[in-house]
Amino acid sequence: MQHIKMVKNQGIALVTIGTPEMIYLTAQTGDELDAVTREIESDQSVRAVVFTGGSPGVFIQHYSVQELVSIAEQLRASGVRFDERSEPQSFSLDKACNRVEAMPKPAIAAINGNCMGGGLEFALCCDIRIVEDGPYQLGLPEVTVGILPGGGGTQRLPRVIGTARALELMLLGRRLTPREAAAFGVVNELANGKALERAMEVAGQLAAQSPRAMAHIKRLARSATQTPIADGLKLERNLFMDLMTTDWAIDAMKAYVRGLEEQK
């Protein structure tokens, strides 16, 4: 792989995206992210994953506009037209985003700098977003070049921060500072120091939890907004009972009760 690097240690997969020479998403980056997320998903030794940027001050700058121009010109020359009934074009980056969002393992975006366009769209697929303070920008400014967020941004950002705020950011192409992103709820946390160090700390906590419990929680929370509440509550109760009978849960609950008794 040229643009992606992965290291696995103590149940955590650390994935570094890009290099100082390549700070943009491209089709090749998408292919590599597709491959690496597929490996993470199938590796039972990995309990949590952290994504970060490979260039100082950059998580992912955005998708390569030069590549988008090339694609646009090829499409126009071919005479292809798209409307609401067209079959959506599928790209490797879409597969990677969907996999990160759906896989049972928690994913953290350690946003170590600029994170715009496709970069923020990828971060929105992660379960937890931790940003580093500094002179960085986060946003979905696609409207300023005549397009829209095409990597899931129009669908995921409203689910994260609400429709009104999401429309404001996307319609204006507004770019947020890390502190503004934290205040808006675009990210979960503004790191007190390096985003990667904090993300690895959180990943260590996640890796120590029951993988089955985390998988159930992620599944329930991810589907909550699209599931009738009666169906969601039924599934929650069944998965709760499923966890209750595991050795992990019984041992952990007994240890908790012993701790309470020792405090008396």
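Because the structure is predicted, anything quoted here is derived from the model rather than measured.
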Same apolar cluster (I L V M F W Y, side chains within < 4.5 Å links), [X]/[Y]:
| X | Y | value |
| --- | --- | --- |
| Phe51 | Ile128 | no |
| Val160 | Leu120 | yes |
| Tyr63 | Ile147 | yes |

How long is the gap from [atom1] on [X] to [atom2] on [Y], to the nearest 0.5 Å?
| X | Y | atom1 | atom2 | value |
| --- | --- | --- | --- | --- |
| Leu233 | Asn238 | CG | CG | 11.0 Å |
| Leu124 | Arg159 | CG | CZ | 11.5 Å |
| Thr16 | Asn112 | OG1 | CG | 9.0 Å |
| Leu235 | Arg219 | CG | CZ | 4.5 Å |

Please tabulate, for side-chain N and O atoms in residues 252-259, each donor-acceptor pair with protein atoms closer than 3.5 Å (sequence neighbours left out).
none

Restricting to non-hydrogen atoms, name the atom on Ala96 and the atom on Asp34 that form the minimum distance, rounded to 0.1 Å.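 Taking every non-hydrogen atom into account, CB-N, 3.8 Å.
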Minimum heavy-atom distance between Ile4 and Glu32, given as atom pair plus value: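 Looking at all heavy atoms of both residues, the shortest contact is N-OE1, 3.0 Å.
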Residues two or more places apart in sequence or in another chain: which of them pass salt bridge (charged side-chain N to carboxylate O under 4.0 Å, His left out) with Glu197?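 Here no residue qualifies.
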Candidates Met200, Glu201, Arg198 - the one meeting side-chain contact (heavy atoms from CB on, under 4.5 Å) with Ile130: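 For Ile130, the side-chain contact (heavy atoms from CB on, under 4.5 Å) test succeeds with only one of Met200, Glu201, Arg198, which is Arg198.
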Give a yes or no on whether the backbone of Val100 and the side-chain of Thr37 come within a donor-acceptor separation of less than 3.5 Å.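 A pair under 3.5 Å: no.
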Is a side-chain donor or acceptor of Gln137 paired with a backbone partner of Arg175 at a separation under 3.5 angstrom?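 No, because the side chain of Gln137 does not come within donor-acceptor range (under 3.5 Å) of the backbone of Arg175.
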Leu14 side chain near Asn9 side chain, heavy-atom distance below 4.5 Å: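 Answer no - side chains too far apart.
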For salt bridge (charged side-chain N to carboxylate O under 4.0 Å, His left out), just list the numbers for Glu168 and Arg165, CA-CA rounded to whole Å, side-chain angles, deciding distance to a tenth of an Å, and then say yes or no. CA-CA 5 Å; Glu168 174 190 345; Arg165 279 296 198 190; 3.0 Å; yes
Do Glu132 and Lys194 meet the salt-bridge criterion of a basic N to acidic O distance under 4.0 Å?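 Yes, charged N to carboxylate O under 4.0 Å.
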Give every donor-acceptor pair under 3.5 Å between a side-chain atom in residues 55-62 and any protein atom, sequence neighbours left out.
residue: Gln61; atom: OE1; partner: Asn114; partner atom: ND2; Å: 3.3

